[in-house]
Amino acid sequence: MTALIANDRAQKQFVVFFGVFLLWYMGARNTVGCDWWGYLHRFQVIGLDQPFSAIFADFDEPGFWFLMKFVRDNELHYMWLNFIASAIMVVCFVVFCRAHRNSLLILALLFPVVIVQLAMSGIRQGLAVGFLMVATVAWMRGYRIWTGVWLFAGSMFHASVIMFLPLVPLAGRKVTTKWLFGAAAVLSPVVVFLMGDRVETYSDRYLDNSDITSNGALIRYTLMLFPAVFYLKYKEKLKTEFPESFELMRVTTAVTFSLLPVAIFSSILLHRVIYYVMPLSIMTFVALAHVAFPKLNRTFVLTLPVLVYGFYTVIWFLTSFHAQYCYIPYQNFWSVF
């Protein structure tokens, strides 16, 4: 309710408050998240005697290795790996939300998919998504160098975020089809080079196994198509009402539609990619709620994206095996209950 009735200034303050809550909720969770045991095993068996030069030479996502090394060298519990990773992600989420209007509402809509399904499970990609979100803030403000810096930081945890490198030269520019395809053509070889062996790994995992499907990914993609379709109808109003973020919405819509062949060919690959785009889709959805119904009550209008994502969340918890197995019951190391 606070996200629906508070003004923008108050929402920016509440985002910080709820960020602290999320740090507790995400960072101190106990056996919660589908990848909990997988990351615990990695934490226990990872070799820590590798020279730094070898880690960077292989570009094997060294950021997460450094986090694990820090926690184990200081003889800390596995929980602290999640806590430190969550702290980084929460800061990224807060920076992203505060850069946009209706910041608290955006944070609330991030909760079911980006926070619960990703950040509380696949924490390496969650960190990469967080840094991408910060990179989009720099991009929106025309800072190309900082956009690249934050993307590189994200690649230290999950190399796949490098796929967004072609957006760097577009920062501060009007995004046109010519610029978008030109940047992709010039920088795509750089992306492949930086990802190294990861390209073959992702190909084996997501393309060669196209017979494996993810129905959840298709449903989440449908959530992203809603704002993409309505953007086409209301883009002139968005340009007038949201000039600071309009180009970002334009890129988001283009990327969303470009994922349609991926949705048809490999829903498993789609499952991974849409996590990167969904925060931007949510931001666009909230902006559309403003311009699509200007004569209606503000609180009522902003309820629409809440109802859509709320309905999705309820259905997911009631029908998904992963929701039941990975997140229920919720347990926390720092809870008295």
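A quick note: this is a predicted structure, and the numbers were derived from the prediction, not measured. Keep in mind that the numbers below use all heavy atoms, side chains included, and drop hydrogens, waters and symmetry copies.
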Discussion item. Before you tell me yes or no, could you show the steps for K239 and E236 under salt bridge (charged side-chain N to carboxylate O under 4.0 Å, His left out), namely the whole-Å CA-CA distance, both residues' side-chain angles and the distance that decides it to 0.1 Å?
Written reply: CA-CA 5 Å; K239 186 175 182 178; E236 293 304 322; 5.3 Å; no

Which distance, rounded to the nearest 0.5 Å, do you find between the [atom1] of [X] and the [atom2] of [Y]?
X: T284; Y: L280; atom1: OG1; atom2: CG; value: 6.5 Å
X: Y231; Y: T253; atom1: OH; atom2: OG1; value: 5.5 Å
X: M26; Y: F21; atom1: CE; atom2: CZ; value: 11.0 Å
X: S86; Y: L23; atom1: OG; atom2: CG; value: 6.5 Å
X: L218; Y: L225; atom1: CG; atom2: CG; value: 10.5 Å
X: C97; Y: I106; atom1: SG; atom2: CD1; value: 6.0 Å

Are any non-hydrogen side-chain atoms of [X] and [Y] less than 4.5 angstrom apart?
X: R272; Y: S160; answer: no
X: L165; Y: F152; answer: no
X: R29; Y: M120; answer: yes
X: F131; Y: L151; answer: no
X: L107; Y: F96; answer: no
X: Y276; Y: V255; answer: no
X: V161; Y: Q125; answer: no
X: W150; Y: L132; answer: no

Which heavy atom of [X] sits nearest a heavy atom of [Y], and at what distance?
X: A138; Y: T147; value: C-OG1, 3.6 Å
X: G19; Y: V94; value: CA-CG2, 4.3 Å
X: Q11; Y: L104; value: OE1-N, 2.9 Å
X: S121; Y: C34; value: OG-N, 3.3 Å
X: L223; Y: V308; value: CD2-CG1, 3.6 Å
X: A289; Y: P305; value: CB-CD, 4.1 Å

Check whether [X] and [Y] end up in the same hydrophobic cluster, where Ile, Leu, Val, Met, Phe, Trp and Tyr are linked by side-chain heavy atoms less than 4.5 Å apart.
X: F70; Y: M89; result: yes
X: F311; Y: F285; result: no
X: I46; Y: W36; result: yes
X: M278; Y: L307; result: no
X: V71; Y: L40; result: yes

For [Y], is there any backbone N or O sitting under 3.5 Å from a side-chain donor or acceptor partner on [X]?
X: S103; Y: A99; value: no
X: R98; Y: V16; value: no
X: N30; Y: Q331; value: no
X: Y309; Y: I282; value: no
X: T319; Y: I315; value: yes
X: N332; Y: W24; value: yes

Practice prompt. Before giving the answer on side-chain contact (heavy atoms from CB on, under 4.5 Å), spell out for Y221 and L260 the whole-Å C-alpha distance, their side-chain angles and the decisive distance to 0.1 Å.
Written response: CA-CA 9 Å; Y221 182 59; L260 188 58; 3.7 Å; yes

Worksheet item: Under the criterion side chain to side chain donor-acceptor pair (under 3.5 Å), which of H322, H271, R220 is the partner of Q117?
Response: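 Answer to the side chain to side chain donor-acceptor pair (under 3.5 Å) test with Q117 among H322, H271, R220: R220.
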
Item to complete: Taking ring-ring contact (aromatic ring centres under 6.0 Å, His included) as the test, write out the residues that go with F43, two or more places apart.
Response: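 So F43 forms a ring-ring contact (aromatic ring centres under 6.0 Å, His included) with Y78.
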
Discussion item. Aromatic contact between Y25 and F111, with the criterion being ring centroids under 6.0 Å apart: yes or no?
Written reply: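 Between Y25 and F111, the centre distance is under 6.0 Å.
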
Fill in: Aromatic centroids of Y327 and W316 separated by under 6.0 Å
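When the ring centroids of W316 and Y327 are compared, they turn out to be within the sub-6.0 Å range.
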
Item to complete: For the pair L105 and M283, evaluate side-chain contact (heavy atoms from CB on, under 4.5 Å) and give the outcome as yes or no after the intermediate values.
Response: CA-CA 9 Å; L105 178 58; M283 177 270 296; over 6 Å; no

Worksheet item: Is there a side-chain contact (heavy atoms from CB on, under 4.5 Å) between S245 and M249 once you walk through the steps?
Response: CA-CA 6 Å; S245 55; M249 296 180 199; 3.2 Å; yes

For [X], does the [atom1] atom sit with more than 12 other heavy atoms under 6.0 Å from it, leaving out its own atoms?
X: F293; atom1: CZ; value: no
X: K235; atom1: NZ; value: no
X: L318; atom1: CG; value: yes

Which word best sums up how the rings of [X] and [Y] line up, parallel for under 30°, tilted for 30 to 60°, or perpendicular for over 60°?
X: F157; Y: F64; answer: perpendicular
X: Y325; Y: F321; answer: parallel
X: F14; Y: F17; answer: perpendicular

Discussion item. Once side-chain hydrogen bond (donor to acceptor under 3.5 Å, both in side chains) is applied, what residue pairs with a partner in residues 128-144 remain, sequence neighbours excluded?
Written reply: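 For residues 128-144, and leaving out neighbouring residues, there are no side-chain hydrogen bond (donor to acceptor under 3.5 Å, both in side chains) pairs at all.
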
Discussion item. Less than 6.0 angstrom from the centroid, inside 45 degrees of the normal: does R101 satisfy that with respect to the ring of F242?
Written reply: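 Judged by the rule (NZ or CZ under 6.0 Å from the ring centre, within 45° of its axis), R101 counts as positioned above F242.
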
Item to complete: Test H77 against every option in W334, F83, F333 by the ring-ring contact (aromatic ring centres under 6.0 Å, His included) rule and name the one that passes.
Response: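 Filter result, single survivor: F333.
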
Practice prompt. Just do the side-chain contact (heavy atoms from CB on, under 4.5 Å) check on E247 and K174 with the steps written out, would you?
Written response: CA-CA 7 Å; E247 294 301 327; K174 180 181 178 181; 3.8 Å; yes

